[in-house]
Amino acid sequence: MTLSTLTDTKDLESLDPKKFIIIKNARVNNLKNLSVAIPRNNFVVITGLSGSGKSSLAFDTLFAEGQRMYVESLSSYARQFLGRMEKPEVEYIKGVAPAIAIQQKVTTKNPRSTVGTTTEIYDYLKLLFARVGKTFSPISGNEVKHHTVTDIVDFILSFEEGSKVMISCPLQVAKGRKIEQELELLLQKGYTRILIDGDAYFVEDLLEEKKIPKGNYEILIDRASVRKDDEDNQFRIADSVQTALFEGHGDCKITIPDQETREFSDRFELDGMSFELPSVNFFSFNNPYGACKRCEGFGSVLGIDPDLVIPDKELSVYEGAIAPWRGETSRSWVEPLLKKGIEFDFPIHRPYNELTEKDQELLWTGNSYFRGLNDFFKELETKTHKIQYRVMLSRFRGRTTCPECRGTRLRKDAAYVKIDGKSITDLVLMPIDEALEFFQNLKLSDHETKVANRLLKEIVSRLEFMDQVGLGYLTLNRLTSTLSGGEYQRIKLATSLGSALVGSMYILDEPSIGLHPRDTDRLVGVLKSLRDMGNTVIVVEHEEKVMKAANQIIDIGPDAGVHGGELLFQGSIQDLMASAQTHTAKYLRGEEQIWKKNGNRKWKDSIIVKGARENNLKNLTVQFPLNTLTVVTGVSGSGKSTLIKKVLYPALGKMLGTVIDESGKYDRIEGDYKRITQVEFVDQNPIGKSSRSNPVTYVKAYDAIRALFADQPLSKQRGYKPAFFSFNVDGGRCEACQGEGTITVEMQFMADIHLTCESCKGKRFKNEILDVKYKDKDISEVLGMTIDEAMEFFQGKTQIINRLQPLQEVGLGYIGMGQSSNTLSGGEAQRVKLASFLGKGGTKSGDQVLFIFDEPTTGLHFHDISKLLHSINALIDQGHSVIIIEHNTEVIRSADWVIDLGPEGGNKGGHLTFAGTPEDLAKEEGNYTAKYLREGLA
């Protein structure tokens with residue numbers, strides 16, 4: 001389909017809505033009467049520069065209409081709770097399928113939400129363990145069994161037709177009660193006979209004789225005979241067995257005269273322990289019945305932190321590795337170990353990190369020669385009435401994994417229930433790829449297979465989808481709130497695949513975010529399978545691999561903001577590369593380049609992280625050069641974010657006194673870290689939570705603009721100060737809406753309604769303030785401009801231009817000056833932060849800032865990545881250092897130094913696989929990053 005046919009109204013109207021999703025004259029945000037027909041059941045990529053209108057078309061137009069149509073289809077009763085959804089600004093949309101939007105935002109903050117619960121895998125696991133799990137005693141390791149009424153009836157019916165049966169149970173004589181009183185009670189209950197040492201007696205006779213022989217007392221519940229075809233007889237036997245179990249407090253005795261006598265019990269006991277019967281709630285940590293009693297279902301407790309007790313793992317016990325035993329009084333605890341260690345082969349001179357797990361554990365448990373750390377802290381607990389002991393305990397306390405549930409939040413005895421040797425706690429702590437392997441090779445009996453077959457299919461298919469979208473390194477126990485936006489989006493994608501919907505319209509927002517090129521290939525396979533199931537898959541994306549796999553490309557532009565919003569191209573990737581003259585086509589053909597590097601910067605100063613062990617990091621020692629662009633890369637889950645966000649950033653921040661976040665496990669920081677005067681983590685969190693926060697206030701340009709308006713003749717005449725041109729304080733702002741521009745009406749049972757303020761008509765200021773103009777524009781009109789427009793408007797005003805220019809340089813010229821910060825994407829927020837640092841200009845002599853960026857290419861087109869790299873290199877030219885966590889091969893190629901982690905994700909990751917220049921990395925064999933770097937160079 002060509003561009004000309006799409007803009008022809010007659011052709012649009014002649015298309016079949018069963019085969020196409022037809023959008024006519026979309027005008028949402030910056031879209032300029034855009035008309036497009038998207039073929040159904042196809043894989044379609046919408047691309048274009050950041051701010052060109054991709055999300056406006058995909059989410060604000062297409063998904064918004066799909067959602068609105070769904071709400072309209074509900075009953076009027078249901079609609080009152082959802083509020084009225086406005087129709088997108090479009091002439092019409094035909095052929096819309098049920099819409100599912102999967103965005104990058106982690107929408108859950110629930111501290112109990114995990115990967116397992118989000119994907120619904122955990123719900124199936126609970127059912128599986130409740131149905132076919134076997135309980136094993138922790139004492140003997142034997143299976144715990146109990147008898148049901150059915151088991152006992154089946155035993156009785158296994159004897160020959162006509163066999164006599166006696167059903168009895170022990171007579172429990174209550175404490176403080178005589179046997180005569182117990183027998184009277186039996187009579188009142190309707191029982192007429194008892195057995196004493198196997199001989200039958202009438203209760204009435206015994207009471208009359210008043211001489212009751214001593215012996216083993218049993219209640220004779222019933223006497224019957226085996227009749228296999230008599231249903232009434234079977235019901236009678238079952239009823240009698242049930243009664244025997246009740247009266248015998250779980251014990252029942254079946255006697256077949258002259259053949260066999262067997263005792264049965266319905267108590268779930270073994271080795272002197274009582275066990276709970278598995279049920280769904282038994283495995284639910286969101287239920288008080290199943291939650292761990294110690295941590296109350298949160299997975300962590302305030303306890304003794306081993307890393308505070310042994311802070312430097314390179315010291316030996318002799319050198320004082322154990323911090324609490326270094327003092328004069330507490331040294332008496334370590335002396336027996338130092339003197340007698342030779343007698344039980346303990347290496348007191350070997351560094352702690354070289355000790356075996358057994359030797360490390362011995363320091364805590366102790367033995368007959370010395371008392372361990374556990375005893376030491378128990379003794380301290382007994383002396384907490386003295387302040388010095390309370391202070392000492394507090395020095396070694398921290399948030400630690402609950403020792404009872406191993407962080408799984410489940411009650412301890414839930415781990416006694418196993419399937420093929422694994423408990424539910426074992427499975428949720430396994431990486432998903434290992435759990436998948438376990439279920440694929442699971443051995444069950446025929447009966448168990450019949451019961452569990454459907455559950456296993458659901459579990460395996462969902463685990464397969466999780467593995468396919470590159471999340472095999474996660475565990476089902478991982479908290480959802482700790483996931484990145486890309487990981488969360490791929491989890492929702494895997495969940496959607498698991499639900500196997502057909503005929504739907506999936507709209508995804510850059511699902512390749514956070515993925516190494518190796519994992520992107522697998523993601524493409526998942527998107528294709530979603531399409532092949534009979535769905536329309538629409539992806540907003542810049543990743544070249546995803547574009548090449550799509551059936552169709554829709555390219556929007558030509559530029560961003562007011563200069564975008566037009567349909568430039570629709571067709572196959574081959575046609576795009578062959579003839580289109582868009583930015584996308586030029587970069588794909590190699591006519592435009594992202595960054596031209598003039599060799600690698602030389603460096604001599606560096607920061608060295610020693611012994612990083614957080615999450616899956618394997619005791620890493622990593623060197624980070626200063627005054628360079630360093631890129632940290634590796635496959636998804638290899639430990640990049642852990643190394644930078646959990647170890648390097650908080651560790652340096654604590655030294656500078658600017659970060660209070662708890663740092664991950666590491667031994668020490670070495671090198672020239674004292675050269676760093678400030679560490680800035682430029683993430684994708686919003687620049688402000690208030691609706692009043694906006695880019696122009698964040699980069700401090702608004703102060704100069706207010707001063708300019710206060711300097712106008714009319715302002716001076718009326719005595720207006722710069723504060724009168726602020727919508728945040730009393731004075732010039734509209735008091736009806738307090739400078740918001742809108743008034744929020746809170747509705748009971750409905751979504752709040754935001755109405756334009758009637759007093760100021762959304763302009764935020766009083767009318768008399770709007771009388772003050774600069775170049776015929778009032779302050780409200782200035783806030784309505786884009787950055788690009790403002791740059792032209794304020795020509796000559798150096799103070800304002802200097803503050804706004806960095807926003808334009810990082811590719812944000814299209815955003816509005818007064819655009820609310822909560823409407824900016826993660827990537828846009830990150831670039832606003834970068835612009836604010838660039839705007840601060842050169843640093844004082846000797847000042848060095850270390851900038852850390854977390855995937856800054858998120859949401860960026862090739863053209864925008866080029867602008868971003870210019871800005872980042874400008875920071876280095878100012879004398880700073882930059883570390884980027886990134887997968888984009890163009891950014892890796894532009895680096896001066898590359899740190900590659902791997903080789904795989906999860907447990908198989910956490911190793912330093914390469915450190916050096918990108919050119920040397922490209923020569924490496926057997927390295928995933930190197931392979932894709934070479935492909936890009938070819």
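For the numbers below, each heavy atom of this structure counts, side chains included, while hydrogens, waters and symmetry mates do not.
Crowding of Q799 atom CD: a count of heavy atoms from other residues, nucleotides or ligands under 6.0 Å not exceeding 12. Other residues, nucleotides and ligands contribute only 12 or fewer heavy atoms inside 6.0 Å of the NZ atom of K908.
For R112 and F298, the positive end sits near the middle of the six-membered ring, less than 6.0 Å away and at most 45° from its axis.
Atom CG of D920 sits about 3.5 Å away from atom OG1 of T917, to the nearest 0.5 Å. Between the CD1 atom of I491 and the CZ atom of R478 there is a distance of 8.5 Å, given to the nearest 0.5 Å. Y814 contributes atom OH, which lies 12.0 Å from atom CG of D559 (distance to the nearest 0.5 angstrom). Once rounded to the nearest 0.5 Å, the distance linking NZ of K646 with CD of E614 reads 5.0 Å. Atom CG of L474 sits about 6.0 Å away from atom CG of L483, to the nearest 0.5 Å. Rounding to the nearest 0.5 Å gives a distance of 10.5 Å between CD1 of I310 and CG of L315.
Between R518 and E904, at least one side-chain N (NZ, or NE/NH1/NH2) sits under 4.0 Å from a carboxylate O, which counts as a salt bridge. In summary, D672 and K604 do not engage in a salt bridge, as defined by a charged side-chain N under 4.0 Å from a carboxylate O. A salt bridge links R601 with D877: the distance from a Lys NZ or Arg NE/NH1/NH2 to an Asp or Glu carboxylate oxygen falls below 4.0 Å. One finds no salt bridge joining K700 and D703 here, because no Lys/Arg side-chain nitrogen approaches an Asp/Glu carboxylate oxygen to under 4.0 Å. Residues E487 and R490 are not paired through a salt bridge, judged by the lack of any N-O separation under 4.0 Å between the basic side chain and the carboxylate. A salt bridge between D854 and K645 is present, with a side-chain N of the basic residue lying under 4.0 Å from a carboxylate O of the acidic one.
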For this session: Take E544 and L588, measure what side chain to side chain contact (heavy atoms under 4.5 Å, CB included) needs, and give me the verdict at the end.
Result: CA-CA 8 Å; E544 189 176 335; L588 286 173; 3.4 Å; yes
For this session: Dump the intermediate steps for side chain to side chain donor-acceptor pair (under 3.5 Å) on E919 and N600, then the final yes or no.
Result: CA-CA 10 Å; E919 291 77 15; N600 296 307; 3.0 Å; yes
For this session: Report the C-alpha distance between D667 and R613 in whole Å, list the side-chain angles of each, state the deciding distance to 0.1 Å, and finish with yes or no for salt bridge (Lys or Arg N to Asp or Glu O under 4.0 Å).
Result: CA-CA 9 Å; D667 291 338; R613 298 176 309 283; 2.7 Å; yes
Problem set entry | CA sep, side-chain torsions, deciding dist, call: Q808, D788, side chain to side chain contact (heavy atoms under 4.5 Å, CB included) | CA-CA 7 Å; Q808 197 178 42; D788 286 339; 2.9 Å; yes
For this session: Walk me through it: do F853 and L875 pass the test side chain to side chain contact (heavy atoms under 4.5 Å, CB included)?
Result: CA-CA 12 Å; F853 290 88; L875 286 174; 4.2 Å; yes
Exercise. Which is it for D521 and K545 under the salt bridge (Lys or Arg N to Asp or Glu O under 4.0 Å) test, yes or no, and what are the steps along the way?
Worked result: CA-CA 7 Å; D521 291 337; K545 282 175 178 289; 3.3 Å; yes
For this session: Could you please spell out the steps behind the side chain to side chain donor-acceptor pair (under 3.5 Å) verdict for H863 and K586?
Result: CA-CA 10 Å; H863 196 59; K586 286 175 183 175; over 6 Å; no
For this session: With side chain to side chain contact (heavy atoms under 4.5 Å, CB included) as the test, would you mind laying out the steps for V682 and I852 before giving the verdict?
Result: CA-CA 6 Å; V682 189; I852 298 170; over 6 Å; no
Problem set entry | Residue pair N927, D900: steps toward the side chain to side chain donor-acceptor pair (under 3.5 Å) verdict | CA-CA 9 Å; N927 182 296; D900 190 57; 2.9 Å; yes
Problem set entry | Evaluation steps, side chain to side chain donor-acceptor pair (under 3.5 Å), between T642 and N615 | CA-CA 7 Å; T642 301; N615 292 343; 3.3 Å; yes
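Of the possible donor and acceptor atoms, none in the side chain of N619 sits under 3.5 Å from a partner among the backbone N and O of A612. A donor-acceptor contact shorter than 3.5 Å links the side chain of D864 to the backbone of S50. Side-chain atoms of K618 come within 3.5 Å of backbone atoms of N616 as a donor-acceptor pair (strictly under, hydrogens ignored). Checked by atom type and distance alone, the side chain of R522 never pairs as donor or acceptor with a backbone atom of V469 at under 3.5 Å. Under a 3.5 Å cut-off, the side chain of T658 and the backbone N or O of K654 do not form any donor-acceptor pair. The closest donor-acceptor contact from the side chain of T114 to the backbone of T117 lies under 3.5 Å. Panel note: side chain K54, backbone L49; a donor-acceptor pair is recorded below 3.5 Å. Side-chain atoms of Q819 come within 3.5 Å of backbone atoms of G816 as a donor-acceptor pair (strictly under, hydrogens ignored). Remark: side-chain polar atoms of R395 are not paired, donor with acceptor, to backbone N or O of L308 under 3.5 angstrom.
Of all non-hydrogen atoms in A321 and P311, the two that sit nearest each other are O-CD, 3.9 Å. The two atoms that bring A701 and R803 nearest to each other are CB-CB, 3.6 Å, heavy atoms only. For the pair I876 and N627, the tightest heavy-atom approach, listed with the atom from each and the gap, is CG2-O, 3.6 Å. What you find for A494 and M466 is that their closest heavy atoms are CB-SD, 3.7 Å. Across all non-hydrogen atoms, the minimal contact from S866 to Y587 is CB-OH, 4.0 Å. Pairing each heavy atom of V609 with each of F624, the nearest pair is CG2-CE1, 3.8 Å.
No side-chain donor from either of N694 and S820 sits under 3.5 Å from a side-chain acceptor of the other. For the residue pair T480 / T118, a side-chain donor-acceptor distance below 3.5 Å is found, with atom types taken as modelled. Counted by atom type alone, T929 and H516 present one or more donor-acceptor pairs between their side chains at under 3.5 Å. Side-chain contact of E541 with S512: a donor-acceptor pair under 3.5 Å is present, judged by distance alone. There is no side-chain donor-acceptor pair under 3.5 Å between Q848 and T677.
With ring centers used as reference points, H880 lies under 6.0 Å from F851.
Remark: of the listed residues V632, V622, I883, V679, I883 is the sole one forming a side chain to side chain contact (heavy atoms under 4.5 Å, CB included) with L648.
R668 pairs by the side-chain contact (heavy atoms from CB on, under 4.5 Å) definition with D312, E314, K610, E670, not counting sequence neighbours.
Between E855 and Q830, every side-chain heavy-atom pair lies at or beyond the 4.5 Å cut-off. Within the 4.5 Å cutoff, side-chain heavy atoms of L629 are placed close to those of I884. Using a 4.5 Å cut-off on side-chain heavy atoms (C-beta onward), V696 and Y698 make no contact. Using a 4.5 Å heavy-atom cutoff, the side chains of M817 and P695 are not in contact. L869 places a side-chain heavy atom less than 4.5 Å from the side chain of I594. Between E510 and V539, the closest side-chain pair of non-hydrogen atoms is not below 4.5 Å.
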